[in-house]
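Structure, as structure tokens:
Below, chain A is the first sequence line, B the second, and so on; all start at residue 1.
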2 protein chains.
Amino acid sequence: MTVTIYDVAREANVSMATVSRVVNGNPNVKPTTRKKVLATIEQLGYRPNAVARGLASKKTTTVGAIIPDISSIFFSELARGIEDIATMYKYNVILSNSDQNKDKELTLINTMLEKQVDGILFMGGTITEDHINQFKTANVPVVLAATYDDTKEMASVNIDYEEAAYEATKHLIEKEPNQPAFVTGSEETSINRYKFNGYKRALEEANISFNESLVVEGDYSYDSGIEAVKQIIELQEKPSSIFVVSDEMALGVIHGAQDMGYKVPEDFQVFGFNNTRLATMIRPTLSTVVQPMYDIGAVAMRLLTKYMNKEEVAEKNVVLPHRIEIRDSTL
Amino acid sequence: MTVTIYDVAREANVSMATVSRVVNGNPNVKPTTRKKVLATIEQLGYRPNAVARGLASKKTTTVGAIIPDISSIFFSELARGIEDIATMYKYNVILSNSDQNKDKELTLINTMLEKQVDGILFMGGTITEDHINQFKTANVPVVLAATYDDTKEMASVNIDYEEAAYEATKHLIEKEPNQPAFVTGSEETSINRYKFNGYKRALEEANISFNESLVVEGDYSYDSGIEAVKQIIELQEKPSSIFVVSDEMALGVIHGAQDMGYKVPEDFQVFGFNNTRLATMIRPTLSTVVQPMYDIGAVAMRLLTKYMNKEEVAEKNVVLPHRIEIRDSTL
DNA sequence: ATGAAAGCGCTAACAT
DNA sequence: ATGTTAGCGCTTTCAT
């Protein structure tokens, strides 16, 4: 039924070893026999079985990628970076969504390890000891992308979130020297803590006292941005600017404000984070922190290939450059 | 080094067959021995090798998904539907981007077949004979998602694009009885032809003569929407409404018009397609055709599981319901 | 340059 | 209920 290497060997009057050699491009084959083998491969319609190869060679040329939500504009961009580099290095990727749910994450890691992936790319909110232990049961490399492990034990690719948030906040304060509201995500997520620290540092540096009630927690969605700005507008002392940790939520903030008759940036400056495509798909266009999502994915995958090939790695915790892009949602 | 089923068998004083049975939940195992085996599995840290299992059983519980571009807001939503149902049925998915490039598509199909996927989900613009031939070399089922095969040979999940476009156009015409501009994608893509047919039918039904110059081709991107509207505005006889085949491009059309001082919907009504999250992330909110992307992915994956399980399939060309959502970008 | 043979870790009859 | 035994299709020494 299915054509195997053995069938090809028989038809071509060679041994399976020889067929294996030509399939794998081993130079130790006489051109004539190579040609003969290639011809019968074509004729028989032979297709190598990667599963059998994987069992014999202990390499699957497949990596696993665990991602919170592929339908998010942020992560899908990251995934594209991963995929492109994976393709470039001849790897396939098994992609799975975790919804940042710890149990799912742990299960997924296990499933991927069962499938004998050659490496794992992990994106998530929080890295716990359980995660690290689970990873240690693997004898394959793991790289975190846009994900922080406070212990720095694991290889990772990120930007400097603290500094980026600091710069954004500073920009806001320079225009209007009072405390911007801070619309963030769960404080369980390390990255949000770093962003908060940067925000706080900018305040302290400008001698602006910190008012807890200007910190609002959302879930990164557009709707939660609308909710957040409603809450902010009801405050006794309204801020004159709002720093939002994701672009999508920032769009919600802008539209929420506009829908209630406020003007951006005149009544509220709004600063986003990530520079997703959304940032220019709104009026006023969104000032935001440029986080190179695609590059983070690409670099993370590249780093993983180095580990998989047992190459030397100069820096296991890669920090990619970020910058601030000022558009029309700020003064 | 790695613990195998054989190690577990030896330690637990049973045969590998018994270990295999407990691992696979076969009921023909005495509770006591099951317990014993489970204990030594735990103790030894045994993890089943899915590659070996795949080779022996000829099933990998992995499916392949070929998608034009995972970073697109449209396809990433579709992918999420696929992933969720795949997870529900215990499949993993190898996801790869094709950029709608025929060679890449053909290569990807081949690679996935080499990896012995149990089925393939395909999303793309054009299905050629080469595609169909390539699929035929597979002895695994294939399902098309949001993709048309004019021969109807292949299983697929879609909506009725012709009818949907007809309804949208009709709505526009009812408000303003003249020809709307039509901003579309490549006419090589069958789906665009169906949409065009629906648009045309609505015109004919209303006895509106068709002017070719009101048809503009874009590439679905925001920027190409901006370009398209620029081109439309330069026309001798400007239309009073614009039907755009993708939401993202429709946002470009709206902002392009607004940036030039026009009002939506007063100067131009704008109608989108897909109802991606973007549709409510703009002011005015976008009237659009609701295409259930997530459901298309989910239903396609479900259909694939049926084929993989050799279940009876009532309808191989599934047409999901669509509807029109009127928001503020139309009168 | 080519071949022979031993696995890789598991499933699936078949036997008991 | 449990064990025995062939493979699954390939890679990889080791010979020649």
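Distance from the side chain of Arg21(A) is smallest for dC14(D) among the nucleotides dG7(C), dC14(D), dT11(C). The listed nucleotides are dT11(D), dT2(C), dG9(C); the one nearest the side chain of Ala52(B) is dG9(C).
Listed pair Ser57(A) / dT12(D) fails the phosphate criterion, with no side-chain N or O lying under 4.0 Å from OP1 or OP2. Side-chain nitrogen and oxygen atoms of Lys58(A) include none within less than 4.0 Å of the OP1 or OP2 phosphate oxygen of dC10(D). At the phosphate of dT11(D), OP1 or OP2 sits under 4.0 Å from a side-chain N or O atom of Ser20(A). The shortest distance between the side-chain N/O atoms of Asn49(A) and the OP1/OP2 oxygens of dC8(D) is not below 4.0 Å. Within the structure, every side-chain polar atom (N or O) of Thr18(A) is placed at least 4.0 Å from both OP1 and OP2 of dA1(C). The shortest distance between the side-chain N/O atoms of Tyr46(B) and the OP1/OP2 oxygens of dC10(C) is below 4.0 Å. Under 4.0 angstrom from either OP1 or OP2 of dG3(C) there lies at least one side-chain N or O belonging to Ser15(A).
Side chain of Lys306(A) to backbone of Ala314(A): no donor-acceptor contact under 3.5 angstrom is found.
Aromatic rings from Phe122(A) and Phe135(A) are positioned such that their centres are separated by under 6.0 Å.
Looking at Arg47(B), its side chain has no donor and acceptor atom pair within 3.5 Å of the base of dG9(C).
Looking at heavy atoms from C-beta onward, Pro141(A) lies in side-chain contact with Leu304(A) at the 4.5 angstrom threshold.
Using a 4.0 Å heavy-atom cutoff across all strands shown, Val14(B) reaches sugar-phosphate atoms only and no base atom.
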